[in-house]
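Numbered from 1 within each chain, the chains take letters A, B, ... in sequence-line order.
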2 protein chains.
Amino acid sequence: MAARTPPGQTRRQVLRFMRERLIAGRPPTVREVQEAFKFRSVQSAREHLEILVEEGKLTKEPGVSRGYRLPEASLVPPSVPVPLLGQVQAGALTEAIEDPDGGYIGVQRGGSNDELFALKVTGESMIDAGILPGDVVIVRCQPTADSGDIVVALVDGEATVKLLKKNRRRVELHPANPAFEPIVPATGDLSLLGKVIEVRRYLGK
Amino acid sequence: MAARTPPGQTRRQVLRFMRERLIAGRPPTVREVQEAFKFRSVQSAREHLEILVEEGKLTKEPGVSRGYRLPEASLVPPSVPVPLLGQVQAGALTEAIEDPDGGYIGVQRGGSNDELFALKVTGESMIDAGILPGDVVIVRCQPTADSGDIVVALVDGEATVKLLKKNRRRVELHPANPAFEPIVPATGDLSLLGKVIEVRRYLGK
DNA sequence: TTGCATACCATACAAATGTCTGGTAATCAA
DNA sequence: TTGATTACCAGACATTTGTATGGTATGCAA
């Protein structure tokens, strides 16, 4: 017999394993759970799973293979892959999205089927808005935005993050850093890439 | 025999069906495909699926049940569900993780199988570190941390985010805001919950 | 016509997988 | 002690499911 573990401990790990697999879209078989935990009997895995179902942590469709599911309550909103871009040159946005140099990151978008991309921020111009160099902003492509939105726009052929301000027929791009000057593009000469809907910072492991 | 459809037409529908099911995390069996398309033979479904694999539209793991996959799936790093906590009282961490009031968010962790949780930040004590009220920090549970790490610790029975500083046999929790005072817990009296590995800010739609 | 390809069908078999029955050992409380 | 509970094991069985073999009908092109 394998080592006996404290009550509930193994079961928590099993739940964890199930969540990972189910989120990844690859529901495991009972025997795959057995394998993962080195049980010598299928039944051991099955018992943990059935108990998790009783506890409401999982649901299942009896009789069907790979039939365990996450209950509605703990449903994680599905995340979509979003291309992570490094530097964006003018006009090269579409190509950059097609073949991102930073790979993809998972973003939970709010239902709509919009075009998203992610951008690594350089420079300190938005530091007072809590956006530091190295942060990743997630951007929804849209041709316009409201005053007060944080947006990504092409300035001098480079994508930059700024605060959008509109006052009577003037559009301005404000940095959130007193050391920088606002940018006032000529009327109608603003190429807005989209609006920032999320900011992420990855700290060292 | 069922009605004969133009070449490739049914197959396109099958691919669509597969995409839907696979994205939903519920890969179908060959017979479920048969059912969905009212084929009177399993083989009809199987032939469509195998051809889609040959065309590169799908991949599959031979021999395993529900073994068809989306080829792009390999590009997207898998994300794990992480419980999102609101307020954490002393000692109630484990229970809070078991039954999070904020649901779950998807996090791509760097391979290790660690315990993670997410915490909504209140207060402005870390504003100079780019962590604003309402931000979500993702925390890896660990009993110790290095000097300079941003950590979550229990202070006065509440979970708070602070900068950890160690100098000769003293451990201090520093806010990143000049309006707040550093916290110097009595030696050995620091209950460290974990280290912040990611910061997220969700901006309005 | 012939030959070939496509779409679909019928049936069988074997492997994968869910499920069941009964058992051992450890822990805890009465 | 006794009994109850938990964690795990062993082996079997039944269903689900992947796979194979061969067949029918339609359309198309040489």
Phe39(A) vs His48(A) aromatic rings, parallel, tilted or perpendicular, using cut-offs 30° and 60°? parallel

Between the side chains of Arg26(A) and Glu61(B), is the shortest nitrogen-to-carboxylate-oxygen separation below 4.0 Å, so that they form an ion pair?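 A salt bridge links Glu61(B) with Arg26(A).
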
Thinking salt bridges, do Lys60(B) and Glu50(B) make one under a 4.0 Å N-O criterion? yes

Evaluate the criterion side chain to side chain contact (heavy atoms under 4.5 Å, CB included) for residue pair Asp135(B) and Val161(B); output intermediate values, then yes/no. CA-CA 11 Å; Asp135(B) 285 5; Val161(B) 183; over 6 Å; no

May I ask you to verify whether the side chain of Ser65(A) and the base of dA16(C) hold a donor-acceptor pair under 3.5 Å?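 Looking at the base of dA16(C), it does not pair with any donor or acceptor on the side chain of Ser65(A) (distance under 3.5 Å).
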
To the closest 0.5 Å, what do you measure between [atom1] ([X]) and [atom2] ([Y])?
X	Y	atom1	atom2	result
Arg200(B)	Leu84(B)	CZ	CG	10.0 Å
Leu164(A)	Ile150(A)	CG	CD1	10.5 Å
Gln142(A)	Thr144(A)	CD	OG1	6.0 Å

Crowding at CD, Glu181(B) (>12 non-hydrogen neighbours, <6.0 Å): no

Can you tell me how far [atom2] of [N] sits from [atom1] of [X], to the nearest Å?
X	N	atom1	atom2	answer
Glu32(B)	dT17(C)	CD	P	14 Å
Arg11(B)	dA5(C)	CZ	P	14 Å
Phe39(A)	dT24(C)	CZ	C1'	16 Å
Arg31(B)	dA20(D)	CZ	P	13 Å
Lys38(A)	dA10(D)	NZ	C1'	19 Å
Tyr68(B)	dG18(D)	OH	C1'	8 Å
Gln34(B)	dA7(C)	CD	C1'	15 Å
Glu61(A)	dG18(C)	CD	C1'	13 Å

Whether [X] contacts [N] is assessed here as follows: a side-chain N or O lying under 4.0 Å from the phosphate OP1 or OP2. Is that the case?
X	N	value
Lys60(B)	dT19(D)	yes
Ser41(A)	dG11(D)	no
Arg40(B)	dC9(C)	yes
Arg66(A)	dT17(C)	yes

Donor-acceptor check, side chain of Glu54(B) to backbone of Ile51(B), threshold 3.5 angstrom: yes or no?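 Checked: no pair found.
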
Residues touching DNA chain D, which here means a heavy atom under 4.0 Å, drawn from residues 42-51 of chain A: Gln43(A), Ser44(A), Glu47(A), His48(A)

Inter-axis angle, terminal five-pair segments of the helix from dT1(C)-dA30(D) to dA30(C)-dT1(D) [nearest 10°]: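 It works out to 10° between the end axes.
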
